[in-house]
Every structure is written in C-alpha cells, then in structure tokens.
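What you are looking at is a predicted structure, and each value in this text was computed from that prediction instead of being measured.
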Amino acid sequence: MTVADLVRRFDVSSVTARADLDGLAESGALIRSHGGAVRRLDPVQDYPVSFKETIHHAEKVRIGEAAAKLLKANQTAIIDSGTTTLQLARHIKQLKPKNLTVVTHSLNIATELADAPALNLIMIGGILRQISNSFVGPQAERMITELHADHLFLGVDGLDPELGPTTPDILEAQLNSLMITVSSEVTVVADASKIGRRSLSSIGAISSIHRLITDNRVLPETVHILEKKGLQVIVV
C-alpha cells in the first residue's frame, strides 16, 4: 500500500502514516518501499523488476554508485539483471568512463546504456524472462562462454555465508554461474535484506565471490563472517 492509500482509508495525516509504517518496518512486520510499504518477501519467489525497484531504493542507489567507482577506462564489465545493478548502470552513465565495454542480458540495463557516450554495449540474447526483463537459456549461455570480462557485477536474491549467492530462477542461476567463470573479479551488489538469506537456485560457491557491496543495515557479525570467508565487504 502507498502512504496515500493509508491516508484515504484511515483518515490520518501522511506524517502519521509514514511514522506507523516506519515502526512496523522496524519490528519486521513489513518492508518499506518508495512511497509506501509491502508485505515481507518470500526469498524463493521471484518478483517483477518494477516492484523490486520500489524497495530499499536509497540503499540501492548508494550501492550502485560505489560499484561504478570500481570501473576504469578500457575495461569490460558484465552487469547482471536486477534493480541494484540498474542503479550501477545509471551511475556508469554519469561517470562516463572512457572506452568501457558492458555486457548484459538485461533489457532494462541495455536500454539505460544504449545512448551512453564512449561506451561499447554487448547484448546477450536468448529466452526472455518477462518477470526480470532478462535473457537466459542455451543461446545466452553459449554467447557468454565466448567472452571474457574484467568485472562481473552480480545481483542476487540471497547471499548466505555457507551456500553462497542464490536466485529464484534455475536458468538465471546457470547463466550467472557461467558469468562468474569468464570474469576476473566478481562483485555481488545487494542490499542488506539479501544478506544471510537463501533462495532456490545456487549460483556458485562463496569462494567464487571477491567482493560484496551492501548497505549499512548489514549486521557487523555477518560482515566479520564474510570477511573470514575471504570477501572484501564494502558498506555504504
């Protein structure tokens, strides 16, 4: 529900509605979204990109900005589908690194970067997953194995210190696993709600991840565990 919905339904001020939603979010009863709130999400279920984009928006913007700063001129980066990686694409567009090559299977990210100056864009094709606006399947897998990247920026639905990165869709997980194989560095970009969570399909071992960029709601003990596993953890 949006704040406006609550104001109309319960005849309260927007200040009261926001305060009540903040209190319920702190207790874990719901998740605050941009302009309202949603029920707690099932990590095994997939949700549309348009819906995910409203959740933890400010945190995703900060994560995307920090990730973009890792890139240098003349590098190649694979950018996974997702709403946090979309923020990365938007910050790349602002920073304008010279002669950067971006490989993506996400329609949203390709559209975002299509008119970016001094950027080479490679679109991975295949079977379209409408819920994520991304291409997967055998064609996508064959194409990714013919490439090499300096960086992979991986969006996940869960990152468990023991199980590693996970996602609800099996075909997405298979393609993500190949992306890891062809990349020199792997950075997971995920807000703190994803950390310690497990979804359906395993993408790879935790040892295959070099770095995690997340927000400041992550628990310090979780950061410590991940660092002991060999990950660099950047908190924004």
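At distances below 3.5 Å, not a single donor-acceptor pair connects side-chain atoms of Thr85 with backbone N or O atoms of Leu88. A donor-acceptor pair under 3.5 Å is formed between the side chain of Ser106 and the backbone N or O of Ile109. Remark: side-chain polar atoms of Asp80 are paired, donor with acceptor, to backbone N or O of Gly155 under 3.5 angstrom. When atom types are taken as modelled, the side chain of Asp5 and the backbone of Thr2 share a donor-acceptor pair closer than 3.5 angstrom.
Contact check for His91 versus Val61: side-chain heavy atoms found under the 4.5 Å cut-off. For the pair Ser81 and His105, the minimum side-chain heavy-atom distance is below 4.5 Å. Using a 4.5 Å heavy-atom threshold, the side chains of Thr145 and Glu141 count as separate. The shortest distance between side-chain heavy atoms of Ile78 and Val182 falls below 4.5 Å. Put simply, the side chain of Leu113 does not reach to within 4.5 Å of the side chain of Thr104, judged on heavy atoms. When side chains are defined from C-beta on, Ile92 counts as touching Leu119, because their heavy atoms get closer than 4.5 Å. In this structure, Val218 and Leu226 have side chains that are not in contact, with every pair of non-hydrogen atoms separated by 4.5 Å or more. With contacts defined as side-chain heavy-atom distances shorter than 4.5 Å, the pair Arg9/Met1 qualifies.
Counting all heavy atoms, side chain and backbone alike, Val102 lies closest to Ile79 at CG1-CD1, 3.7 Å. Glu112 and Ala89 make their closest contact through CG-CB, 4.2 Å (heavy atoms, listed as atom of the first residue, atom of the second, distance). Nearest heavy atom pair, residue Leu6 against residue Ala17, reads CB-CB, 4.2 Å. Across Ser202 and Leu163, no two heavy atoms sit closer than the pair OG-O, 4.1 Å. Of all heavy-atom pairs spanning Leu200 and Pro168, the tightest one is CD2-O, 3.4 Å. Of all the heavy atoms in Gly137 and Ile127, the pair that sits closest is CA-CD1, 4.3 Å.
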message: Applying side chain to side chain donor-acceptor pair (under 3.5 Å) to Glu65 and Gln87, what does each step give before you reach the verdict?
response: CA-CA 7 Å; Glu65 182 179 10; Gln87 292 300 327; over 6 Å; no
Requested in this report: I would like to know whether Leu128 and Leu107 meet side-chain contact (heavy atoms from CB on, under 4.5 Å); could you show each step before the answer?
Outcome: CA-CA 9 Å; Leu128 178 65; Leu107 275 178; 3.8 Å; yes
Report the C-alpha distance between Glu172 and Ser134 in whole Å, list the side-chain angles of each, state the deciding distance to 0.1 Å, and finish with yes or no for side chain to side chain donor-acceptor pair (under 3.5 Å).
-> CA-CA 9 Å; Glu172 191 92 34; Ser134 61; 3.2 Å; yes
TODO: Please step through side-chain contact (heavy atoms from CB on, under 4.5 Å) for the pair Thr167 and Val156, ending with a clear verdict.
DONE: CA-CA 6 Å; Thr167 187; Val156 300; 6.0 Å; no
Before you tell me yes or no, could you show the steps for Val103 and Leu147 under side-chain contact (heavy atoms from CB on, under 4.5 Å), namely the whole-Å CA-CA distance, both residues' side-chain angles and the distance that decides it to 0.1 Å?
CA-CA 9 Å; Val103 181; Leu147 303 173; 3.8 Å; yes
task: Evaluate the criterion side chain to side chain donor-acceptor pair (under 3.5 Å) for residue pair Asn108 and Thr111; output intermediate values, then yes/no.
output: CA-CA 5 Å; Asn108 293 13; Thr111 302; 5.9 Å; no
Could you give me the CA-CA distance, side-chain angles and deciding distance for Asn120 and Asn99, then say whether side-chain contact (heavy atoms from CB on, under 4.5 Å) is met? CA-CA 7 Å; Asn120 305 306; Asn99 200 34; 3.2 Å; yes
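Under the side-chain contact (heavy atoms from CB on, under 4.5 Å) criterion, Ser208 pairs with Ile180, not counting sequence neighbours.
Put simply, NZ on Lys96 and NZ on Lys93 are 10.0 Å apart, with the number rounded to the nearest 0.5 Å. Once rounded to the nearest 0.5 Å, the distance linking OG of Ser184 with CD of Gln75 reads 9.0 Å. Interatomic distance, Asn74 CG to Leu100 CG, rounded to the nearest 0.5 Å: 9.0 Å. Separation of atoms CD (Gln174) and CD1 (Ile203) is listed at 11.5 Å; rounding is to 0.5 Å. Residue His56 holds its NE2 atom at 10.0 Å from OG1 of Thr214, rounded to the nearest 0.5 Å. Atoms CE and CG, from Met179 and Asn176 in turn, are 5.5 Å apart once rounded to the nearest 0.5 Å.
Among pairs with a residue in residues 207-220, those fulfilling salt bridge (Lys or Arg N to Asp or Glu O under 4.0 Å) read Glu59-Arg217, Glu185-Arg211, Asp191-Arg217, Asp215-Arg217, at least two apart in sequence or across chains. Residues in residues 127-165 take part in these ring pair (Phe, Tyr, Trp, His ring centres under 6.0 Å) pairs, two or more places apart or across chains: His151-Phe153.
Atom CG of Leu24 has more than 12 neighbouring heavy atoms from other residues, nucleotides or ligands inside a 6.0 Å radius.
Checked for salt-bridge contact, Lys229 and Glu162 meet the test: a charged N lies under 4.0 Å from a carboxylate O. Of the charged side-chain nitrogens involved, at least one lies within less than 4.0 Å of a carboxylate oxygen, so that Arg129 and Asp169 count as a salt-bridged pair.
Val15 and Val7 fall into different hydrophobic clusters, where Ile, Leu, Val, Met, Phe, Trp and Tyr are joined by side-chain heavy atoms under 4.5 Å apart, directly or via other members. Residue Ile209 is grouped with residue Leu178 when hydrophobic side chains (ILVMFWY) are merged at heavy-atom distances under 4.5 angstrom, including chains of intermediate members. Linking Ile, Leu, Val, Met, Phe, Trp and Tyr residues whenever their side-chain heavy atoms come within less than 4.5 Å leaves Met123 and Ile144 in two separate clusters. By the criterion of side-chain heavy atoms lying less than 4.5 angstrom apart, applied directly or through intervening Ile, Leu, Val, Met, Phe, Trp or Tyr residues, Val236 is grouped together with Val189 in one hydrophobic cluster.
The residue from Arg198, Lys194, Arg197 that alone fulfils the side-chain hydrogen bond (donor to acceptor under 3.5 Å, both in side chains) condition with Asp160 is Arg198.
In this structure, a donor-acceptor pair under 3.5 Å is absent between the side chains of Lys60 and Thr84.
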